[in-house]
Amino acid sequence: MKFSHDFLFGAASASYQVEGAWDEDGKGMTNWDEFSKIPGKTFEGTNGDVAVDHYHRYKEDVALMAEMGLESYRFSISWARIFPNGDGEINPKGIEFYNNLIDECLKYGIVPFITLYHWDLPLTLEKAGGWLNPRTLDAFVNYAKTCFEAFGDRVKHFITFNETIVFCALGYMAGAHPPGITNDPKKYFQAVHNVFYAHAQAVVLYKSMNLFGEIGISNVFAPAFGVDNSEDSHKAAYHANAYATHLYFDPILKGEYPAYVMDALQKSGFHPEQTADELAIIKQAASLNDFMGLNYYQPSRVELIKGELAQREITRENSTGAPGNPSFDGVFRTVKMDDKRYTKWDWEISPQGFIDGLKMLRERYGHVKLYITENGLGDEDPIVESEICDVPRIKYIEEHLQAVKQAIAEGVNVKGYFAWSVIDLLSWLNGYKKQYGFIYVDHKNNYERKKKMSFHWYRSVIESRGEHL
Ligand code: NOJ
């Protein structure tokens, strides 16, 4: 089977992770510009001041993407380039940069797929309370409108938010992302609701502008499976899916929050404040939302916690996706299993989990249109005689594309696949050590780009539309 011609083969990045030029051409400071410089927060104090200098080298990078045969480039806009303070005056240089980047993509027939929010919040808004302050929501909707007006003639695919669960959970529970708050479930669930209300307003607005494109959101997709077939493990998996999947997918696709979670939050006092108007807009947006973006790296394996709950202690190392943590309410914990394969960062490799998870989604949400907006392998790539031999990455992507193929054959509506990432970039907490790209960046040699083995391999996959996978 070949992937159909309306299936997009792409690759992705995010502004803070690639652009650099953190204080150039009128850009305002972001939460990450500040947070990454707090000692101990990131691996060896790495930050995105220069990142991989994509801001200055975007032409060279887009030319490489074209050479790779990429059909679509998913990238994010840095809000603070457009609005240095989050709201207020527009910075024309910011609009100009993204116009240039979009036009450069279009020159080669590469479809720009834009994320509006990939975690870099203008610092002024963070200081004023971030996602807990209604000002941020209003500012986001205004920023989104500005982007729709400026780019919507050429950009037909918009993602409002990237991985709400990650920036809210790591921001308000683990303290590993800005604003660095720990163990505050009340704030965490409030931020999640506020983000979904902002998403909903942006969707309604976009559709009212008749730009004839599509809009959706990208969520983490980490389907939970019990460690065995016991009743306890089934309970644990249901609970985990309710909090990590239903809570994040239901409001977007069904326009309502899952009662299982909301009832528990009422009892515990962590229920977010929500007005009837907000809930009505969330409901309306669900009927207009065009797609769900899935960032799939791994499933989670869970077991029920019985008896005394171990003290929850989150550090930079264990807040980055590795198993071992109890859930915030002490109901289950994630487990590393002896019979599974793992990456160097202890992320499970499971194409089967992907297929099973996609089927779970089909059962709950029907024929919704899906894009895989991220999938890839974080690794330290060996260099042999100056060739970057990222064979494990080829294997990982191949297995996951096979999984997508199988899911499509079984009736799941997947319309595109974006490998993470197009180029080696800054991992938020792991510096440049954890590589994901098809293109290597030589930080010791003026950021020179080099094609990896996977670059050539992905080109041949796209060329043959995945026929030989
Ligand atoms: C998800 C995030 O969207 C991206 O920014 C990050 O680098 C990758 N996962 C890998 O952890």
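Whatever order the structure lists ligands and atoms in, that order sets their numbers, starting from 1. For this chain, numbers begin at 1 and follow the sequence in order.
Within ligand 1, the atoms closer than 4.0 Å to a non-hydrogen atom of His118 are 2 (C), 3 (O), 4 (C), 5 (O), numbered from 1 in the order shown. If you number the atoms of ligand 1 from 1 as listed, the ones under 4.0 Å from a heavy atom of Asn162 come out as 2 (C), 3 (O). The ligand atoms of ligand 1 that sit less than 4.0 angstrom from a heavy atom of Trp119 are 2 (C).
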Inset, instruction - With salt bridge (charged side-chain N to carboxylate O under 4.0 Å, His left out) as the test, would you mind laying out the steps for Lys27 and Asp33 before giving the verdict? - result: CA-CA 11 Å; Lys27 174 180 164 292; Asp33 290 327; 2.8 Å; yes
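Between Phe221 and Tyr296, the ring planes lie tilted relative to each other; the angle falls in the 30° to 60° range. Relative orientation of the Phe270 and Phe189 rings is parallel, given thresholds of 30° and 60° on the angle between their planes. Ring geometry for Tyr16 versus Trp428: interplanar angle under 30°, hence parallel rather than tilted (30 to 60°).
You'll find the side chain of Asp346 reaches within 4.5 Å of the side chain of Lys336, heavy atoms only.
When only interatomic distances are considered, the shortest N/O to N/O separation between Lys434 and ligand 1 does not fall below 3.5 Å. Residue Ser427 places no N or O, backbone or side chain, under 3.5 Å from any N or O of ligand 1.
At a heavy-atom cutoff of 4.0 Å, ligand 1 is contacted by no atom of Val220, backbone or side chain.
Counting protein heavy atoms only, atom 10 (C) of ligand 1 is closest to Tyr436 OH, 3.4 Å. Among all non-hydrogen protein atoms, the one lying nearest atom 7 (O) of ligand 1 is Gln17 NE2, 2.9 Å. Given atom 9 (N) of ligand 1, the protein heavy atom at minimum distance is Glu374 OE1, 3.2 Å.
Using a 4.0 Å heavy-atom cutoff, Trp347 is listed among the residues neighbouring ligand 1.
Listed by chain and number, the residues in a side chain to side chain donor-acceptor pair (under 3.5 Å) with Asp250 are Arg364, Tyr365 (sequence neighbours excluded). Every residue meeting the salt bridge (charged side-chain N to carboxylate O under 4.0 Å, His left out) condition with Glu104, not counting sequence neighbours, appears here in chain and number order: Lys107.
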